[in-house]
Amino acid sequence: MVHLTNVKIRGIERECLDTIKEGAKSVHPREFIALLSVGDDKSIISEIVMLPQMMSGKRHATFNIYMAPIDFSIVGTVHSHPSGNPTPSDEDLISFSKNGIVHIIIGYPYEDDTWRAYDYNGKEIELEVID
Ligand SMILES: [Zn+2]
C-alpha cells in the first residue's frame, strides 16, 4: 500500500459501481468485501480486486490490505451491509484508518442510492459516478 495522502479520488466508474452492486447481491445475506483500485489517472476508481481470503463470506470478514498483491493502484476498500444501514461500525472505522484513503459501504438492497463513501477518518465524502 503506497502512501496516497496527496491523491484525491474524485469519482467511480459506473461499470465498477455496477460490479459492486452485483457482487453484494450475489453473496447476500453474507457480506461482500473487496479492494478498490484506480485507473491510470489515479483519481477515478475503475476496478475492484477480490482476494481469496475475502471470500469466506463470514460476517464482518476482516482482512489486511498488506496481504494484497503489490499493486500501487489500490486506494481503499468496499464492503456491504446486509442490514441495509450504510453507516460505518466501530470496527469499520478502525479498518478505514488502516487500509487506504477511500472506503465504500453499500447497504441492502444494493442500489444507486444505498451506498456511501468515506475517507480514512470515516467522514462521508462525495464520489461522482462517471458514465
Ligand atoms: Zn461494516
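This is a predicted model, so every value here is computed, not measured. Just so you know, ligand 1 is whichever comes first in the structure, and atom 1 is the first atom listed for that ligand. Along the sequence shown, residues are numbered consecutively beginning with 1.
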_Which residues pass the side-chain contact (heavy atoms from CB on, under 4.5 Å) test with Tyr108, not counting sequence neighbours?_
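Tyr108 satisfies side-chain contact (heavy atoms from CB on, under 4.5 Å) with His28, Tyr110 once adjacent residues are dropped.
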_Checking Val129 now: which residues fulfil side-chain contact (heavy atoms from CB on, under 4.5 Å) with it, not counting sequence neighbours?_
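For Val129, the residues satisfying side-chain contact (heavy atoms from CB on, under 4.5 Å) (neighbours in sequence not counted) are Ile12, Arg14, Leu17, Trp115.
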*asked:* Looking only at side-chain N and O atoms, does Asn85 offer a donor or acceptor that is under 3.5 Å from a partner on Thr87?
replied: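 Result is yes, a qualifying pair exists.
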*asked:* Checking side-chain polar atoms at under 3.5 Å, does Asp92 have a donor or acceptor matched by the opposite partner on Ser89?
replied: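 Ser89 and Asp92 do have a side-chain donor-acceptor pair below 3.5 Å.
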*Hey, is there an N, O or S on Glu31 sitting under 2.8 Å from the Zn ion (ligand 1)?*
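No, Glu31 does not qualify, because none of its backbone or side-chain N, O or S atoms lies under 2.8 Å.
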_Restricting to N, O or S atoms, which atom of Asp92 is closest to the Zn ion (ligand 1)?_
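So the atom name we want here is OD2.
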*Vertex the Zn ion (ligand 1), rays to NE2 in His81 and NE2 in His79 - rounded to 10°*: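 About 100° at the Zn ion (ligand 1).
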